[in-house]
Amino acid sequence: MKAIRTTCAYCGVGCGISATVTGARSVKIVGDKDHPANFGKLCSKGTHLGETVGLEGRLLHPMIGEKQANWDEALGHVAGKMRECIAEHGPDSVAFYVSGQLLTEDYYVANKLMKGFVGSGNIDTNSRLCMASAVAAHNRAFGEDVVPCSYDDLDAADLILLVGSNTAWCHPVIWQRIEKAREQRGTKLVVIDPRRTETAEQADLHVPIAPDGDVALFNALLAEMQARGLVDGGYLANHVDVPEGFWAGLGGDHGVDQAIFAQLADLVAAHPRMITLFSQGANQSTSGTDKGNAVINLHLATGRINHSGAGPFSITGQPNAMGGREVGGLANMLACHLGFSESERADVAAFWHSSDLAPNLCSGPGLKAVDMFRAVHDGQIKFLWVMATNPAVSMPDAGFVREALARCPTVVVSDVMADTDTGRFAHVRLPALAWAEKDGTVTNSERRISRQRALFSAPGETRADWQIVCDVAALMGWGEAFAFPSAAAVFREYAAMTALAGKHGKVLDLTDWADLSEHGYETLEPFQWGGEYPLANGYPTPDGKARMIAVTAPQVQADPQFPLRLNTGRYRDQWHTMTRTGLSPTLSQHRREPLLEAHPEDAAAQGLVEGSLARLVSPQGSAIFRVNITTAQRRGEVFVPMHWTDVMGNGGRGNRLPGQGTDPISGQPGFKNSAARIEPVKPEWRAFLVTREMPEPEGLLYWTRARVAGGWLYELAGDGLIDAEALLPAGDRMEAADHTLGMRRIAVRDGSGDLAAALFLTRSGHLPKREWAAAQLGLGEASAAELLAGRPSTPAPDRGAIICVCHGVGEQDITAAACDGALTVETIGKATCAGTNCGSCRPAITRLLEAVRTREKEPA
Ligand SMILES: Nc1nc2c(c(=O)[nH]1)N[C@H]1C(S)=C(S)[C@@H](COP(=O)(O)OP(=O)(O)OC[C@H]3O[C@@H](n4cnc5c(=O)[nH]c(N)nc54)[C@H](O)[C@@H]3O)O[C@H]1N2
Ligand SMILES: Nc1nc2c(c(=O)[nH]1)N[C@H]1C(S)=C(S)[C@@H](COP(=O)(O)OP(=O)(O)OC[C@H]3O[C@@H](n4cnc5c(=O)[nH]c(N)nc54)[C@H](O)[C@@H]3O)O[C@H]1N2
Ligand code: SF4
Ligand SMILES: [Mo]
């Protein structure tokens, strides 16, 4: 079998993969040693992509309502509704909500259809929730959305500041690169994050900043550099426009502990080769654009930009967040980094021929995501097409978004999965090709364009996203402009169109690829547009100078009803709304449940103990989580994951809570700093269920499910009696109960005597070990007595939480090895194999080793 080179489905690092197909739907995945983004490395998510390529849960046929339809019916329905809507209510009654998980080719045709032919600006993307503030900051400072750094700069920097980035979990291969640089050349690392994440734990300095304290901190740092004489007057004079009164406006309280601030300032002063990597702690804020500019100001003022090892580096989240920005998928851009001026519009109209086919080029920007869903809610938008994103989960105030979807006369969803929270609101569902089936290009954080290549043929009736859009466009009567014979043809047109960007003074330029042949596209090697330092020859502004932007710290208004600040984000091994990673037993081990992380004093104030349940309440809604008490949280702040959905449970749905507040410039929601409070939840009973089937529990206070090998593990809690019938499959049933303890255990075997399900309930006591119970699924020898006793007759050693998912190594295994003298990540690797494959767990191992060392130092 020949290996096929492709690009990872997940994050914006954009790692190259070498994939060898090993069966009808199976594939062996290794890192591509020749790919300049990862040089052969992959994190846990990339490594386990093979577990997500099966057809379980896939949407394989077009659906109108709950009825399977053929493509002609489904496309006819979509085009018919869209035509009706435009005719009756005008083009702005139609909207597309798309995604950084579309390929550039998909994005290009969707944008062309909406802005060039439907004639509305109403196409926005989930990048609004992700990158919009960085985009706006780039536009303000540089005149164009251009990232001025490359990954190589991480190897060349002497100091790396991470602002609002949990790099070790969310960009693990960049993290490994940073670690290597630290090892090899002593690069210093600072993490600016309110939480002490695994990333922060590894840093030379952790700055536990107050939520949204970044603008004040960076202003203060810049003032400090000025006071120390480190501002680069020559660079400013030649290359930067500084607004009047700028320096006087830098004052103000930064709120960071003075000693920590002094250490930070010393590090920044001592290391001119400095990279500031920023991510969602910066972008997802009502002051996100200002944060980006505060970071960029520091780099411009000190001349730390456009040369090796220096620059402000916004890293992207999704595999093609950058490609979407390039083609113009954001509502406030037209196409190819162009805006809506008369001359830009005229050139775009001429290029797309929309002027003669349909005189329809949109007249200005469309609605940004949050406003778009408001317009759906209030009935202005009557036709919404969602592609490759799950807004019923991932938008802020998701309860409101669900109401909007429920009210919308036509909701079309293109997805790869049959059952998603957003799909449940769809009138039409269109089956798209998934990763490993689709062909096209993605652009990563460093502007590098790589191919995703198909490994398998299209299952069922699935079609490429770009093809689906072109099919609808053809039915609308615009076929001539959408008659692309291949993904390569779309790419060529897009590459040719970037000539317009050049004409209007932009840096984006792919015209060298405008004549790429089919073969050239097939064999395309990863390439970086703009080169390493695309802004080194002047900024794309009228005077060629960058702009410093005066920014001031935001004011926070305390709400006594909701005294806590709610922060949200990601887990190491889950991807967003879990539609794919949630199917992997390996990846599901790291965190099986959505945790509410709270400081010990905040937990104690509500009488919450570790592992209990708590209700998190905001003005928008509430959700129940498992409590995790940790000093990694600052007092007064709590953290929950964004991942859990209706499909995965009724607990942990974090996105019901953040409000609709957005950054006034970028329109990006402030996901990381909402008002909230916590309340204890005291269910009468707790239970868990291991089962080969997938029941949908009803009427419970709390339930979540997680994938395990051979089935699912459910956590359950409720009041009154449990409806065991509704949860358990038919079969040979054995039951044990102890009414004084309020204990109930039920095991169900199938016709061949194998364990099909087991339910364990308690009202006051302990529950058996989940790992052990889950491992009995499907086993014939699982003895009824053992199961009903709730423990194996020969107990296996307790391995604790799984730390290394690749090799299945538990916390206890690592601690035991450490006590035997393996006190480095390397020797732990030799002793247990942990951390020797993808390396994603190495920060967690370091943390355990720290704990063992601290324990050893304590007097017995
Ligand atoms: N495992 C995994 N990796 C992923 C993804 C995933 O779903 N799972 N998604 C991908 C995507 S699309 C994205 S956008 C990236 C996101 O990658 P990251 O931005 O690294 O991830 P987050 O967990 O959203 O948030 C980062 C950190 O910002 C901190 N923060 C919160 N408020 C503030 C603040 O006011 N100031 C500062 N300085 N920090 C703050 C949070 O505590 C959090 O630790 O990850 C990508 N990679
Ligand atoms: N509270 C909170 N909320 C957040 C964030 C946060 O930090 N906190 N982060 C925000 C950020 S940065 C992001 S990027 C968003 C992500 O949020 P979403 O984009 O909503 O999350 P995903 O689960 O990635 O959704 C992708 C959907 O597309 C489907 N899909 C996958 N591949 C394809 C394909 O090739 N074609 C089609 N048509 N469909 C496909 C998947 O099955 C899934 O339903 O969440 C945002 N929401
Ligand atoms: S860091 Fe991990 S998730 Fe991101 S692209 Fe690389 S392998 Fe994929
Ligand atoms: Mo993102």
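Atom set for the values below is all heavy atoms of this structure, side chains included, hydrogens, waters and symmetry mates excluded. For ligands, and for the atoms within them, numbers begin at 1 and follow the listed sequence.
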Item to check | Heteroatoms of the protein, restricted to N/O/S, which lie under 2.8 Å from atom 8 (Fe) of ligand 3 | outcome: Cys8 SG
Next on the checklist: Which option wins on minimum heavy-atom distance to atom 33 (C) of ligand 1: Ser44, Gly164, Cys43, Pro194?
Outcome noted: Pro194
Checklist entry - Going by the order shown, which atoms of ligand 2 are within less than 4.0 Å of some heavy atom of Gln318? => result 14 (S)
Next on the checklist: Given Gln280, Gln284, Lys438, Arg656, identify the one with the heavy atom nearest to atom 9 (N) of ligand 2.
Outcome noted: Gln284
Item to check | Neighbour count >12 (heavy atoms, 6.0 Å) for atom NZ, Lys41 | outcome: no
Next on the checklist: Given Asn283, Asp214, Asp212, identify the one with the heavy atom nearest to atom 36 (N) of ligand 1.
Outcome noted: Asp214
Checklist outcome for this item: Heavy-atom proximity to atom 31 (C) of ligand 2, picking from Val416, Thr316, Asp421, points to Val416
Checklist entry - Sequence neighbours excluded, which residues qualify as side chain to side chain contact (heavy atoms under 4.5 Å, CB included) partners of Lys33? => result none
Checklist entry - Which option out of Arg570, Glu198, Arg634, Lys291 puts a heavy atom nearest to atom 5 (C) of ligand 1? => result Arg570
Next on the checklist: Is the contact between Thr420 and ligand 2 made by the side chain, the backbone, both, or neither, using heavy atoms and a 4.0 Å cut-off?
Outcome noted: side chain
Next on the checklist: When you measure from the heavy atoms of Met395 to every atom of ligand 2, does any distance fall below 4.0 Å?
Outcome noted: no
Next on the checklist: Tell me the contacting part of Asp465 for ligand 2: side chain, backbone, both, or neither, using a 4.0 Å heavy-atom threshold, strictly below.
Outcome noted: side chain
Next on the checklist: Just by distance, no angles: are the side chains of Asp397 and Gln660 close enough, under 3.5 Å, to form a donor-acceptor pair?
Outcome noted: yes
Item to check | Donor on one side chain, acceptor on other, Trp575 and Gln101, under 3.5 Å | outcome: yes
